[in-house]
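Below: one structure, written as structure tokens.
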Amino acid sequence: MADNATQIKVPFHRAAITDAEKKAVMDVLDSGWLTTGKYALEFEKKFSKALGDEKIISLAVNSNTSGMILALEACGVKEGTAVITTPYTFVSTATCARHLNAEVYFADIEKDTYSIDPDKIEEILKKDAENGHKVKAIIPVHIAGNVCNMERILDLAKKYSTPENKIYVIEDAAHSFPSPTKLGYAGAIGDAGVFSFYVTKTITTAEGGMVCTRNAELAKRMTMMRMHGMDRTTWDRYTSPRASWEYDIVAPGYKFNLPDVLAAIGCCQVDRAQIFYEQRKRIVEKYNQAFAKLDFVQLPPDGEGNSWHLYLLRIVPEKLKITREQFAKKLQEARLGISVHFIPIFHFTYWKELYPDFTAENYPNAERQYSRTISIPLFPDMTDEMADYVINTIIKTGTENHA
């Protein structure tokens with residue numbers, strides 16, 4: 001039986017890997033040093049530069065999830081505290097806080113975008129102020145590369161902070177690189193930002209992430225907690241004259257470092273991030289031109305700094321005889337690689353059991369967008385023929401099932 005992947009005519013995503021990445025990996029393998037070392041350090045430097053400020057402290061980690069845990073822990077998130085985030089995200093955004101035994105308060109998204117609604121954040125902060133200031137962090141998520149209203153969110157964090165309780169802003173920028181705005185690059189606007197280099201992201205290391213901050217104290221804590229709570233890095237232990245076994249454990253840390261084998265891929269990818277963006281944007285413009293003429297779909301939201309990580313096509317249910325699920329199924333039958341971003345967190349068993357009031361009825365905007373959205377193929381190496389096939393398949397599906 002043929003592998004299922006061979007049945008796909010246009011994949012949902014395909015990483016842009018060249019001979020440069022292959023050579024970089026082989027250089028690491030030939031060096032004899034495979035774990036976190038000089039390539040990870042070089043990747044961190046390149047990433048800070050790519051964010052427009054080499055003074056940004058970038059720390060390579062083995063996933064966005066790891067980076068989020070490090071950032072939250074460094075900001076004092078723990079049992080007895082809480083964070084605010086959106087239900088419209090991948091579940092790890094919220095799960096990271098639960099790993100630290102903190103509560104999670106959810107704010108619905110805006111009606112016409114996928115971004116967390118600042119007005120809903122403020123409603124939660126007002127109640128929190130009345131109940132003893134448990135909130136330690138706000139986690140905006142830049143869905144599909146569209147940047148949240150960071151100016152308003154930063155103002156809210158400042159407004160509701162107290163001398164005894166600073167509220168940090170930690171950006172989940174898994175989808176947002178590169179995303180320049182008037183406030184700076186997404187992921188480098190708040191107190192900390194966390195990126196993902198999973199295989200489907202705008203740049204990849206296969207698995208990996210980066211946590212970034214300008215706060216030296218946060219960076220110091222995250223650096224130590226990234227590697228077992230040790231007061232020395234592995235690279236320092238084995239390259240400095242001081243004996244490798246001379247170290248102290250000063251906190252119960254984690255094992256979240258990014259090995260050089262993967263960092264070498266990142267060094268190549270970050271150099272081509274702008275090229276990847278321009279290639280995605282070309283496909284986006286082709287999609288927009290085709291879909292703008294149709295009454296049964298709605299174009300994705302687009303704002304300042306949009307990195308166009310995903311193309312979130314929204315169906316218009318009133319114009320169709322079929323549901324989003326049925327529409328998606330027909331696209332799959334036509335051999336398109338598609339996905340849905342995201343299943344709101346309130347649909348998952350763990351969260352429903354944890355918070356009985358965490359229901360679709362209380363987050364209508366998130367539920368509405370979820371019920372309408374399909375993520376269609378978008379990646380740098382897409383050909384015009386691939387894009388045309390996607391467009392024609394969507395037009396055919398909608399036309400044949402028009403209300």
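We use all heavy atoms of the structure for the numbers below, so side chains are in, but hydrogens, waters and symmetry mates are not.
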Stepwise side chain to side chain contact (heavy atoms under 4.5 Å, CB included) test for Glu151 and Leu183: CA-CA 8 Å; Glu151 187 170 10; Leu183 297 179; 4.0 Å; yes

message: For Lys23, is there an ion pair with Asp27 - N to carboxylate O distance below 4.0 angstrom?
response: yes

message: Please determine whether the number of non-hydrogen atoms from other residues, nucleotides or ligands lying under 6.0 Å from atom NZ of Lys319 exceeds 12.
response: no

Side chain Thr205, main chain Ala263, donor-acceptor under 3.5 Å: no

- prompt: Should the pair Asp271-Lys46 be classified as a salt bridge under the 4.0 Å nitrogen-to-oxygen rule?
  reply: yes

query: Can you name the nearest heavy-atom pair linking Ile153 to Pro140, along with the distance?
result: CD1-CB, 3.8 Å

task: Examine distances only and state if a side-chain atom of Asp260 and a backbone atom of Gly37 form a donor-acceptor pair shorter than 3.5 Å.
output: yes

- prompt: Would a distance-only check, ignoring hydrogens and angles, find a side-chain to backbone donor-acceptor pair under 3.5 Å from Thr162 to Asn165?
  reply: yes

Glu333, CD atom: more than 12 neighbouring heavy atoms under 6.0 Å: yes

query: Under 6.0 Å between ring centres, would you say that holds for Tyr370 and Tyr88?
result: no

- request: Rounded to the nearest 0.5 Å, what's the gap from CD1 on Ile376 to OH on Tyr311? Could you check?
  value: 6.0 Å

- prompt: Can you tell if the side chain of Glu207 reaches within under 4.5 Å of the side chain of Phe197, non-hydrogen atoms only?
  reply: no

message: Centre-to-centre under 6.0 Å for Phe106 and Trp351, is that the case here?
response: yes

field: Minimum heavy-atom distance between Gln7 and Arg335, given as atom pair plus value
entry: O-CD, 2.7 Å

Check: Tyr198 ring centre within less than 6.0 Å of His309 ring centre: no

query: How long is the span from the NE2 atom in His99 to the CG atom in Leu72, to the nearest 0.5 Å?
result: 11.0 Å

query: How many angstroms lie between CD1 in Ile69 and SG in Cys96, if you round to the nearest 0.5 Å?
result: 4.5 Å

task: Mind running ring-ring contact (aromatic ring centres under 6.0 Å, His included) on His142 and Tyr185 for me, showing each step along the way?
output: CA-CA 12 Å; His142 306 309; Tyr185 279 79; over 10 Å; no

- request: List the steps, then state whether side chain to side chain contact (heavy atoms under 4.5 Å, CB included) holds for Ile189 with Thr181.
  value: CA-CA 9 Å; Ile189 299 173; Thr181 76; 3.7 Å; yes

task: For the pair Arg280 and Glu285, find out whether any cationic side-chain nitrogen is under 4.0 Å from an anionic carboxylate oxygen.
output: no

field: Sidechain-backbone polar pair: Ser179 side chain, Gly305 backbone, donor-acceptor under 3.5 Å
entry: yes

query: Parallel, tilted or perpendicular for Phe342 and Phe90, by the 30°/60° rule?
result: tilted

- prompt: Any chance the rings of Phe348 and Phe358 have centres within less than 6.0 Å?
  reply: no

task: Indicate yes or no for a side-chain donor-acceptor contact from Thr81 to the backbone of Val77 under 3.5 Å, with no hydrogens or angles considered.
output: no

- prompt: Are the side chains of Ser375 and Ile338 in touch, meaning some heavy atoms are under 4.5 Å apart?
  reply: no

task: Salt-bridge test for Asp119 and Arg152: reply yes if a basic N is under 4.0 Å from a carboxylate O, no otherwise.
output: yes

query: Would you say Ser48's side chain and Asp53's backbone share a donor-acceptor pair under 3.5 angstrom?
result: no

query: Is any side-chain heavy atom of Ile138 less than 4.5 Å from a side-chain heavy atom of Leu125?
result: yes

- prompt: Looking only at atom types and distance, does a side-chain atom of Asp108 sit under 3.5 Å from a main-chain N or O of Asn362, one as donor and one as acceptor?
  reply: no

Sole candidate of Thr65, Val211, Leu70 that passes side chain to side chain contact (heavy atoms under 4.5 Å, CB included) when paired with Phe256: Leu70

- prompt: Roughly how far, to the nearest 0.5 Å, is OG1 of Thr86 from OH of Tyr363?
  reply: 9.5 Å

query: Would you say the side-chain atoms of Glu79 pair up with the backbone N or O of Asn101, donor to acceptor, closer than 3.5 Å?
result: no

query: Under 4.5 Å between any side-chain heavy atoms of Asp128 and Tyr105, yes or no?
result: yes

query: Does a salt bridge link Arg214 with Asp191, judged by any charged N lying under 4.0 Å from a carboxylate O?
result: no

query: Are there more than 12 heavy atoms of other residues, nucleotides or ligands under 6.0 Å from atom CG of Leu354?
result: yes

message: Under 4.0 Å between a side-chain nitrogen and a carboxylate oxygen: does that hold for Lys330 and Glu400?
response: no

task: Answer yes or no: is there a side-chain heavy-atom contact under 4.5 Å between Lys136 and Ile167?
output: no

- request: Quick one: closest heavy-atom pair of Gly337 and Ile8, and the distance?
  value: N-CG2, 4.0 Å

- prompt: Which distance, rounded to the nearest 0.5 Å, do you find between the OG1 of Thr93 and the CG of Asn64?
  reply: 6.5 Å

- request: Go through the steps to decide whether Asp155 and Lys158 satisfy the test side chain to side chain contact (heavy atoms under 4.5 Å, CB included), and finish with yes or no.
  value: CA-CA 5 Å; Asp155 286 344; Lys158 182 178 180 180; 5.7 Å; no

- request: Check whether the side chains of Tyr168 and Ser161 place a donor and an acceptor atom closer than 3.5 Å, and report yes or no.
  value: no

query: Looking just at side-chain N and O atoms, do Ser307 and Thr202 make a donor-acceptor pair shorter than 3.5 Å?
result: no

field: Donor on one side chain, acceptor on other, Asn288 and Lys286, under 3.5 Å
entry: no

message: If only side-chain N and O atoms count, and only distance matters, is there a donor-acceptor pair under 3.5 Å linking Glu122 with Tyr160?
response: yes

Heavy-atom closest contact (Pro377 atom, Met382 atom, distance): O-SD, 3.5 Å

- prompt: When the ring centroid of Phe47 is compared with that of Phe177, is the distance short of 6.0 Å?
  reply: yes

field: Lys120 bridged to Glu110 by N-O distance under 4.0 Å
entry: no

- prompt: Is the shortest distance from a Lys or Arg side-chain nitrogen in Asp384 or Arg282 to a carboxylate oxygen in the other one below 4.0 Å?
  reply: yes

message: Less than 4.0 angstrom from a charged side-chain N to a carboxylate O is my criterion; do Glu123 and Lys127 meet it?
response: no

query: Heavy atoms, side chains only, cut-off 4.5 Å: are Lys329 and Arg324 in contact?
result: no

field: Minimum side-chain heavy-atom gap Thr397-Leu331 below 4.5 Å
entry: yes

- request: Please assess Arg98 against Tyr350 for the test side chain to side chain contact (heavy atoms under 4.5 Å, CB included), listing each intermediate value before the final yes or no.
  value: CA-CA 11 Å; Arg98 295 298 298 152; Tyr350 168 80; 2.9 Å; yes

message: Under a 4.0 Å threshold between the charged nitrogen and the carboxylate oxygen, would Arg226 count as salt-bridged to Glu44?
response: yes

field: Validation row: Asn146, Thr113 side chains within 4.5 angstrom (heavy atoms)
entry: no

- request: Enter the distance from Arg314:CZ to Leu312:CG here, rounded to the nearest 0.5 Å.
  value: 8.0 Å

message: Quick check with a 6.0 Å cut-off and a 45 degree axis cone: is Lys352 positioned over the face of Phe346's six-membered ring?
response: no

field: For Thr213, side-chain hydrogen bond (donor to acceptor under 3.5 Å, both in side chains) partners two or more places apart
entry: none

